[in-house]
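Encoded as structure tokens, the structure appears first; notes follow it.
When reading the values below, keep in mind they use all heavy atoms of this one structure, side chains included, and skip hydrogens, waters and symmetry mates.
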Amino acid sequence: KDGVLLIKVINQSAPDTVDERVMNGRPKNEWQMRENHELALNSAASIGCTTVNLGAADMLAGTPHLVLGLLWQIIKIGLVCNINLQQHPELACLLDEDSGETMRDLLGLSPEELLIKWVNYHLKNAGVAKRIRNFTDDISDSEAYIWLLHQIAPAEDEAKMENPQRITSPSECLDQSDLHRRAEMVLETADVIGARAFVSPGDIVSGNYKLNLAFVANLYNTYPAFHSDKKTLAADLIIEETREEKTFRNWINSLGLKADGKSIPFVNHLYADLANGLVILTIEDTIKPGCVEWKKISKPPYNKLKAEILQRQNCKYAVDYATSPLKLKIVALGGDDIYDQNPTLTLGLVWQLMRAYTANILHSLSADAATQSDMDKYIVNWVQTTLSNAGKQSTVRDFKDKSLSNSLAVIDIIDAIKPKVVDYTLVNLSCTSDSDKYNNAKLAINWGRKIGARIYALPDDIVEVKPK
């Protein structure tokens, strides 16, 4: 209820997201609890959680489905954030070339889909016919789990697992007709290798999707157990996600986008997941409701022979709508660039969309903002006026102003908006080193989130004075 535990869960899943110096460690009243929840919710959004229609009041009230929904998002992000080819090139072992699967296809898979392929990879290596397609019905008989555990177990633990006093072999486990007892035997086996977590026997038998996904993700993170040279191939093809790409991806995920009333899939890979055009079209329709003619848009599942043509057509529509009616400044970008995952041009479009989305928010808050053709100039004028009215000495010329690197102007504007939130004893006023600047930037971002601001920038972006 006081928000402290929620903040610690966020930092467990995404380390260093929240500067805990900023939270109210022992809140004395409901107001301080509310501040903690504002900080937690905006921090959760910054790592890609959807917090639309979820406020501090809901968290204070302890509304069960809302609290559990947010907790699951946070925990899931922590469990699957590294299940990708950027962090684990050895996942290239899962490439099924016999079925015509390409590296582009593999790069576009979600962590859940990669985990299913990973389980099936080990089932194949075990020489059994069992395969899974989900983490519900297909794992409820425990067969996939018992074979998986024996495949991934380190050699020194395998002997323990075969010890009749502790655990039976896979065949003996599967001879057990009682599914609950069989599931318990699976968990006893997992316990031998220190990987019993998240699920109970009942969760396995009932096919609880979330808990079984968490269990398998934990197994993968602990014992991936790959043996192949394909990881070298993957390492040559994969480029690590940049801070800017991660920021835009988290922004998209936090919006809670829906297309034709249905939630769009989580964006795990910025370019791959935007390549069919649907995410971009949904953002455009969010910025200007009704601008997308959905009857013209092709949605999955796609016929394999027509998939590329239909997705390229979606991307063309996305560029057309960006040009008109959204009137974005599109330079040298075509629909094919989105489908072909051109990083520079696609990133440029996403930045324009984020800017247009932000402009919409400003227009809804101020009639003056609606008349401003230059949003940057409007914001800078507002900052200068607010700082001056609060008697602050700091100033900002534009978003390229190098003085922004020490974050003092940002901290002052937060203090001007909501006095007493900023603790200036924590601020390095002289800023003689990069570490001082980084410390100030962390504080500025967290104080901003504490007063209700949705901030996706990272401390490095402020220290390096990234204009976007």
Side-chain angles (χ1 to χ4, degrees), residues 16-17 19 21-22 42-43 46 242-248 250-251 328-329 331 344 347-363 365-366 368-419 421-468:
D16 212 29
T17 297
D19 189 329
R21 295 175 297 171
V22 169
N42 288 306
S43 297
S46 77
T242 67
R243 289 203 316 265
E244 190 173 27
E245 291 164 352
K246 185 176 182 179
T247 296
F248 288 147
N250 286 337
W251 168 68
L328 303 185
K329 296 178 182 179
V331 180
T344 302
L347 206 61
L349 174 59
V350 176
W351 160 238
Q352 291 279 348
L353 291 169
M354 188 175 188
R355 183 182 172 86
Y357 181 86
T358 304
N360 260 15
I361 295 174
L362 291 178
H363 295 168
L365 296 173
S366 169
D368 292 337
T371 64
Q372 294 286 335
S373 58
D374 188 337
M375 186 173 71
D376 291 6
K377 183 178 179 181
Y378 174 83
I379 295 173
V380 170
N381 287 341
W382 172 80
V383 169
Q384 290 173 337
T385 301
T386 304
L387 288 172
S388 177
N389 290 344
K392 303 293 185 181
Q393 299 300 309
S394 54
T395 185
V396 176
R397 293 193 305 273
D398 54 43
F399 294 123
K400 297 178 182 179
D401 190 337
K402 295 299 181 183
S403 69
L404 283 169
S405 68
N406 63 19
S407 298
L408 293 179
V410 182
I411 291 170
D412 282 346
I413 197 72
I414 293 168
D415 187 60
I417 294 170
K418 196 167 183 180
V421 167
V422 171
D423 179 357
Y424 278 96
T425 64
L426 298 175
V427 180
N428 291 298
L429 298 175
S430 58
C431 268
T432 56
S433 67
D434 287 343
S435 61
D436 290 342
K437 291 180 179 180
Y438 189 86
N439 176 72
N440 282 359
K442 280 181 63 179
L443 290 167
I445 288 171
N446 281 270
W447 278 322
R449 290 171 180 161
K450 189 175 182 178
I451 68 170
R454 190 64 61 85
I455 300 172
Y456 299 90
L458 298 172
D460 295 292
D461 299 321
I462 298 176
V463 173
E464 296 171 15
V465 193
K466 297 289 186 182
K468 290 182 182 178

request  = Apply salt bridge (charged side-chain N to carboxylate O under 4.0 Å, His left out) to Glu464 and Lys402, showing your working.
outcome  = CA-CA 8 Å; Glu464 296 171 15; Lys402 295 299 181 183; over 6 Å; no

Exactly one of Asn381, Ile379, Val380 clears side-chain contact (heavy atoms from CB on, under 4.5 Å) with Lys377, and that residue is Asn381

(Q) Checking side-chain polar atoms at under 3.5 Å, does Ser433 have a donor or acceptor matched by the opposite partner on Ser435? (A) yes

Checklist line | 4.5 Å side-chain heavy-atom contact, Asp398 and Asp376 | finding: no

Nearest heavy-atom contact between Asp401 and Thr395 is OD2-O, 4.2 Å

For Val465 and Ser405, the nearest pair of non-hydrogen atoms, with its separation, is CG2-CB, 3.7 Å

For this session: Report, as yes or no, whether the 6.0 Å neighbourhood of atom CZ on Arg397 holds more than 12 heavy atoms from other residues, nucleotides or ligands.
Result: no

Rounding to 0.5 Å, atoms OG1 (Thr17) and CG (Leu458) come to a distance of 9.0 Å

Separation between CG (Asn440) and CD1 (Ile445), nearest 0.5 Å, reads 11.0 Å

Closest non-hydrogen atoms of Ile411 and Val422, given as atom of the first, atom of the second and distance, are CG2-CG1, 3.6 Å

Side-chain heavy-atom pair Ser46, Asn250 within 4.5 angstrom cut-off | no

Heavy-atom nearest pair, Ala416 first then Ala390, reads CB-CB, 3.6 Å

Q. When you look at Asp412 and Tyr424, which way does the side-chain hydrogen bond (donor to acceptor under 3.5 Å, both in side chains) test go after all the steps?
A. CA-CA 10 Å; Asp412 282 346; Tyr424 278 96; 2.6 Å; yes

Does the pair Asp19/Arg21 count as a salt bridge with the N-to-O cut at 4.0 Å? yes

Closest non-hydrogen contact found for Trp251 with Met354 is CH2-CA, 3.5 Å

Which of Asp423, Leu426, Ile414 passes side-chain contact (heavy atoms from CB on, under 4.5 Å) with Leu443? It is Leu426

query = Would a 4.5 Å heavy-atom cut-off, applied to side chains only, mark Lys442 and Ile462 as touching?
reply = no

Between the CH2 atom in Trp447 and the OG atom in Ser407, the distance rounded to the nearest 0.5 Å is 10.5 Å

Quiz item: In terms of heavy-atom contacts, does NZ of Lys466 have more than 12 from other residues, nucleotides or ligands at under 6.0 Å?
Solution: no

Given 3.5 Å as the limit, does a donor-acceptor pair link the side chain of Asp436 with the main chain of Asn428, or not? no

Q) What's the verdict on side-chain contact (heavy atoms from CB on, under 4.5 Å) for Asp461 and Tyr456, showing C-alpha distance, side-chain angles and the deciding distance? A) CA-CA 10 Å; Asp461 299 321; Tyr456 299 90; over 6 Å; no

| message | Using side-chain heavy atoms (C-beta onward) and a distance below 4.5 Å, is Leu347 in contact with Trp351? | response | no

Residue pair Val383, Tyr378: steps toward the side-chain contact (heavy atoms from CB on, under 4.5 Å) verdict: CA-CA 9 Å; Val383 169; Tyr378 174 83; over 6 Å; no

Taken to the nearest 0.5 Å, the spacing of Arg454 CZ from Ile361 CD1 works out to 8.5 Å

Between Arg449 and Ala457 the two heavy atoms that sit nearest each other are NH2-O, 3.9 Å

Is the shortest side-chain heavy-atom distance between Lys392 and Asp415 below 4.5 Å? yes

Rounding to 0.5 Å, atoms CG (Leu404) and NZ (Lys437) come to a distance of 11.0 Å

Rounding to 0.5 Å, atoms OG (Ser394) and CD1 (Ile413) come to a distance of 7.5 Å

